[in-house]
Amino acid sequence: MVGIKKSEAGRDKPKKKGGGLRETVLLLILGVGIALVLQQFVIGSFYIPSGSMENTLEINDRVFVNKLAGKPERGDIVVFKGWDADGNEDTIKRVIGVGGDKVACCDSKGRVTVNGTPLEESSYLYPGDNPSGESFKYTVPQGKLWLMGDHRSNSRDSRAHVEEPGGGFISEDAVIGTAVVRYWPLSRGLIFTKPDTFGNVK
């Protein structure tokens, strides 16, 4: 059998030094770029600075927020900007009423009502808290939201800002996104779902 010689062209060429390093650096830069785009436009991470949403969210909990969730709905937990002096501070609260809703408190059983439907809030209200320590009755303007914390006795929410410009309402445009999961601490990880009571509101 006649042996077959490899041609010079067929021989393996020595790899250039540094090629693997450049590839690693490029992949790292690409990964960081993708992460920054996701952080800017799709998913954001936020920490909880106060006890206004206890026990749903405790101080120093961290949540992922979906920035592409669309218009906020009743029962959603949202991160938004507003109420502070500059309007630049990130705040997190629960949506109770959306544009056109009539929000009020309290009915004969001390409950918050939306369009006359009482909310059964025991699944998320801070243990021992009343739905509201003060009475209110408002119609939410179109494009606005009425927001309340789950720890009602420790929350400066829409109720506390009704005398200010904006009447306590937050614009839908001020919402950064909807909280989808509590990822830290790991022992308290939770995917958020809308409480069933909001499904009864017409």
Side-chain angles (χ1 to χ4, degrees), residues 46-61 63 65 69 71-85 87 89-179 182 188 190 192-202:
F46 295 86
Y47 84 98
I48 309 306
S50 75
S52 69
M53 284 293 291
E54 292 175 332
N55 283 334
T56 306
L57 295 168
E58 298 182 357
I59 297 173
N60 293 326
D61 280 359
V63 298
V65 167
K71 290 181 65 170
E73 299 178 352
R74 303 181 197 102
D76 284 343
I77 298 171
V78 296
V79 173
F80 60 95
K81 292 187 181 295
W83 290 339
D84 63 300
E89 184 178 321
D90 294 339
T91 307
I92 188 164
K93 293 285 186 285
R94 189 180 296 276
V95 178
I96 302 299
V98 297
D101 283 346
K102 299 182 188 309
V103 294
C105 194
C106 304
D107 70 358
S108 60
K109 295 184 178 180
R111 298 170 296 187
V112 171
T113 65
V114 180
N115 299 335
T117 300
L119 299 180
E120 300 296 342
E121 301 187 280
S122 59
S123 66
Y124 56 85
L125 276 190
Y126 186 80
D129 259 10
N130 293 319
S132 180
E134 60 215 55
S135 298
F136 60 84
K137 186 176 183 180
Y138 300 101
T139 298
V140 184
Q142 292 297 330
K144 305 288 186 178
L145 303 169
W146 178 267
L147 301 156
M148 299 175 76
D150 289 356
H151 192 170
R152 298 285 162 80
S153 62
N154 188 35
S155 176
R156 283 184 55 79
D157 47 41
S158 286
R159 298 167 299 167
H161 298 277
V162 292
E163 300 299 327
E164 300 173 9
F169 304 107
I170 288 292
S171 171
E172 291 177 354
D173 294 337
V175 173
I176 297 168
T178 301
R182 181 179 64 212
R188 298 184 64 244
L190 177 70
F192 296 120
T193 57
K194 277 191 279 291
D196 291 340
T197 189
F198 289 96
N200 300 324
V201 179
K202 305 300 182 188

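No more than 12 heavy atoms of other residues, nucleotides or ligands sit less than 6.0 Å from atom CD of Glu163. Heavy atoms from other residues, nucleotides or ligands lying under 6.0 Å from NZ of Lys102 number 12 at most.
Taking all atoms of both residues into account, the shortest heavy-atom contact from Ala160 to Arg156 is CB-NH1, 3.8 Å. Between Val78 and Pro72, the shortest heavy-atom distance links the atoms CG1-CB, 4.1 Å. Minimum interatomic distance between Pro118 and Thr113 (heavy atoms only, all atoms of both residues): CA-CG2, 3.9 Å. Ser132 and Cys105 get closest at one heavy-atom pair: CB-SG, 3.6 Å. For the residue pair Ser153 and Asp129, the shortest heavy atom distance occurs at OG-OD1, 2.8 Å. The shortest non-hydrogen separation linking Pro131 to Gly110 is CG-O, 3.2 Å.
Interatomic distance, SG of Cys106 versus CD of Glu134, reported as 9.0 Å (0.5 Å rounding). Distance check, rounded to the nearest 0.5 Å: OH of Tyr124 to CG of Leu57 gives 13.5 Å. Atoms CD1 and CE, on Ile77 and Met53 in that order, are 4.0 Å from each other to the nearest 0.5 Å. Summarising the geometry, atom CD1 belonging to Ile176 is positioned 9.5 Å from atom CZ belonging to Phe80; distances are rounded to the nearest 0.5 Å. Between the CG atom in Asn115 and the CG atom in Asn200 there is a gap of 12.5 Å [rounded to 0.5 Å]. If you take CG on Asn154 and OG on Ser50, they are separated by 7.0 Å, rounding to the nearest 0.5 Å.
A side-chain donor-acceptor contact under 3.5 Å links Ser158 to the backbone of Gly168. Panel note: side chain Arg159, backbone Arg152; a donor-acceptor pair is recorded below 3.5 Å. The backbone N or O of Tyr126 lies less than 3.5 Å from no partner atom in the side chain of His151, so there is not a single donor-acceptor pair. Looking only at distances, a side-chain donor or acceptor of Arg182 sits under 3.5 Å from a matching main-chain atom of Arg188. Side chain of Asp101 to main chain of Val114: no donor-acceptor pair is present (N/O by atom type, distance under 3.5 Å, no hydrogens or angles). Proximity of a side-chain donor or acceptor of Asp76 to a complementary backbone N or O of Thr178 within less than 3.5 Å is not detected.
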For Leu145 and Val98, run side-chain contact (heavy atoms from CB on, under 4.5 Å): C-alpha distance rounded to whole Å, both residues' side-chain angles, the deciding distance at 0.1 Å, then the answer.
CA-CA 5 Å; Leu145 303 169; Val98 297; 3.8 Å; yes

With side-chain contact (heavy atoms from CB on, under 4.5 Å) as the test, would you mind laying out the steps for Thr56 and Phe192 before giving the verdict?
CA-CA 9 Å; Thr56 306; Phe192 296 120; 4.0 Å; yes

Carefully, step by step, assess Arg94 and Leu147 under the rule side-chain contact (heavy atoms from CB on, under 4.5 Å).
CA-CA 5 Å; Arg94 189 180 296 276; Leu147 301 156; over 6 Å; no

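Screening Asp173, Thr91, Asp90 against Lys81 for a side chain to side chain donor-acceptor pair (under 3.5 Å) leaves a single residue, Asp90.
By the 30° and 60° cut-offs, the orientation of the rings of Phe169 relative to Tyr138 is perpendicular.
At a threshold of 4.0 Å, the pair Arg111-Glu120 counts as salt-bridged, since one of the basic side-chain nitrogens sits closer than that to a carboxylate oxygen.
Side-chain atoms of Leu119 and Arg74, non-hydrogen and from C-beta on, never get closer than 4.5 Å to each other. In this structure the side chain of Ile96 reaches within 4.5 angstrom of the side chain of Glu121, judged on heavy atoms.
Counted by atom type alone, Lys93 and Ser52 present one or more donor-acceptor pairs between their side chains at under 3.5 Å.
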